[in-house]
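Accompanying notes for the structure given below.
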Amino acid sequence: MLLIALLFSLSALAPIKAAAVEGGSGIYLLGSKGSGAGILPPTGKYFLNDSYYYSGLASASTALPDEAGTLAFGLDADAFVNLSTFLNVTDTQVLGGRLAYGVVVPVVAKDVSASATASFGGSPISGAVSDDTFAFGDPLLTGIIGWSSGNWHSTMNVLLNIPVGSYSPNSLANAGFNRWGLDTTLAVTWLDPATGYEVSVAPGFTFNGENDDTGYRSGTEFHLEFAAMKHQSKQFAYGLNGYYYHQITGDSGTAPGDFKGRVGAIGPALNYTFLAGNTPVTLKAKYLHEFDADNRLEGGSALIQLAIPLGL
């Protein structure tokens with residue numbers, strides 16, 4: 001344990017950039033938008049369920065002070081997140097569009113391992129720590145305004161993260177973020193029913209508060225999601241989706257450096273609508289492979305999304 005403490009004390013002092021944004025992830029779930037992102041469902045109440053699995057790695061190395069040797073770091077994370085959303089789409093008009101609101105309740109299972117290896121004059125020493133959790137994360141309040149005109153559809157989406165989920169400053173794996181956060185995303189969808197072609201784009205920004213327990217303040221994040229789909233019928237569509245993420249301001253406070261994260265991702269997407277009894281259920285499945293990561297984990301994610309009208 002003394003060795004591990006030494007290695008991770010050194011890592012805090014070294015000018016290493018491994019995972020920007022505290023905890024390595026933000027309140028906005030990358031990959032959650034995509035096909036139909038700009039389309040607000042018809043008036044009614046809905047249950048939405050997103051099942052998300054992510055596996056990623058990060059590694060880096062730095063020279064120790066006074067040419068003493070090198071220090072290498074590794075981070076390995078696997079996460080499963082289930083998001084249950086209750087959404088009420090109303091006829092209330094706001095800025096010429098329909099208003100929807102709801103709440104998102106996450107359940108998080110996470111397994112994180114970190115390692116460090118130091119080489120002093122060719123003699124390596126190493127240590128590793130790991131942690132896991134299965135708990136409720138931070139709930140989010142959501143508000144949406146949706147507009148439609150011909151083949152064009154758009155939504156303005158707002159998410160407010162409420163930091164009451166499971167969190168410990170001494171844990172490597174946490175379900176909650178322990179910080180307030182606000183995300184704003186504008187989504188636009190062009191869908192031509194005659195040809196079945198669809199293009200959706202969804203740029204947005206995440207603004208983070210400070211973690212009061214650690215004094216760490218994560219920077220402002222920009223994310224852009226996109227999808228290009230071919231609708232073969234009203235029931236089935238296929239195509240590509242992806243995202244680009246870039247942190248536009250660095251982490252501050254007790255952050256060990258002016259970190260700014262970046263990563264891109266692309267992969268296949270499928271939509272399928274079927275009847276469960278008399279209830280139409282929409283299923284969206286997608287896989288996203290990440291690349292060009294900087295100060296972020298790099299890996300892959302799979303996401304299955306269900307939308308079920310409640311008929312209440």
Side-chain angles (χ1 to χ4, degrees), residues 8 11 16-34 50-62 72-83 106-117 126 128-135 137-138 161 165-167 171-177 179 181 183 204 206 208 216 218-219 221-226 240-247 250-251 255-257 259-269 285-305:
F8 283 90
S11 71
I16 184 70
K17 298 184 176 182
V21 175
E22 188 177 21
S25 61
I27 69 165
Y28 179 85
L29 183 64
L30 292 170
S32 58
K33 300 296 183 187
D50 294 4
S51 296
Y52 172 85
Y53 174 74
Y54 178 84
S55 180
L57 300 168
S59 62
S61 62
T62 188
F73 305 85
L75 185 65
D76 184 348
D78 293 281
F80 176 79
V81 182
N82 186 266
L83 301 171
V107 176
V108 180
K110 189 181 293 184
D111 190 343
V112 181
S113 299
S115 62
T117 300
S126 62
V129 293
S130 62
D131 191 21
D132 61 78
T133 188
F134 178 71
D138 296 338
N161 188 74
S166 176
Y167 175 84
S171 295
L172 191 61
N174 277 299
F177 295 101
R179 64 177 184 264
D183 184 87
T206 303
N208 294 292
Y216 195 113
S218 300
E221 306 162 81
F222 170 77
H223 49 84
L224 173 67
E225 302 212 36
F226 63 87
L240 290 174
N241 70 156
Y243 57 76
Y244 174 73
Y245 168 93
H246 193 94
Q247 206 174 324
D251 297 345
F259 289 179
K260 292 181 182 179
R262 183 189 72 241
V263 72
I266 195 167
K286 59 185 77 173
Y287 174 77
L288 290 152
H289 175 74
E290 291 185 325
F291 57 90
D292 194 31
D294 184 28
N295 301 334
R296 293 275 300 186
L297 292 171
E298 182 174 308
S301 62
L303 182 63
I304 295 177
Q305 301 173 295

Looking only at non-hydrogen atoms, find the nearest pair between [X] and [Y] and report the distance.
| X | Y | answer |
| --- | --- | --- |
| Asn174 | Thr133 | C-CG2, 4.1 Å |
| Gly31 | Leu288 | CA-CD1, 3.7 Å |
| Ser171 | Asp131 | CB-OD2, 3.4 Å |
| Phe291 | Ala265 | CE2-N, 3.6 Å |
| Val108 | Ala175 | CB-CB, 3.8 Å |
| Leu172 | Ser130 | CD2-CA, 4.3 Å |

Answer whether the closest heavy-atom distance between the side chains of [X] and [Y] falls below 4.5 Å.
| X | Y | value |
| --- | --- | --- |
| Asp183 | His223 | yes |
| Phe177 | Ser25 | yes |
| Gln247 | Arg296 | no |
| Ser32 | Glu225 | yes |

To the nearest 0.5 Å, tell me how far [X] [atom1] sits from [Y] [atom2].
| X | Y | atom1 | atom2 | answer |
| --- | --- | --- | --- | --- |
| Leu83 | Tyr52 | CG | OH | 10.0 Å |
| Glu298 | His289 | CD | NE2 | 6.5 Å |
| Tyr287 | Ser301 | OH | OG | 7.5 Å |
| Tyr28 | Thr206 | OH | OG1 | 8.0 Å |
| Arg262 | Tyr244 | CZ | OH | 6.0 Å |
| Leu303 | Asp50 | CG | CG | 5.5 Å |

So for atom CD1, which belongs to Ile304, do other residues, nucleotides or ligands contribute more than 12 heavy atoms lying within a distance under 6.0 Å?
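For Ile304, atom CD1 is not crowded (no more than 12 foreign heavy atoms under 6.0 Å).
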Is there a donor-acceptor pair under 3.5 Å between the side chain of [X] and the backbone N or O of [Y]?
| X | Y | value |
| --- | --- | --- |
| Asn82 | Val107 | no |
| Asp294 | Gly261 | no |
| Asp138 | Gly165 | yes |
| Asp78 | Ser55 | no |

Polar contact flag, side-chain donor to acceptor under 3.5 angstrom, Tyr54-Glu290:
yes
Output, in order, the C-alpha distance, side-chain angles, deciding distance and verdict of side-chain contact (heavy atoms from CB on, under 4.5 Å) for Val263 and Tyr243.
CA-CA 8 Å; Val263 72; Tyr243 57 76; 4.2 Å; yes
Which of these passes side-chain contact (heavy atoms from CB on, under 4.5 Å) with Val112: Leu297, Leu75, Asp76?
Leu75
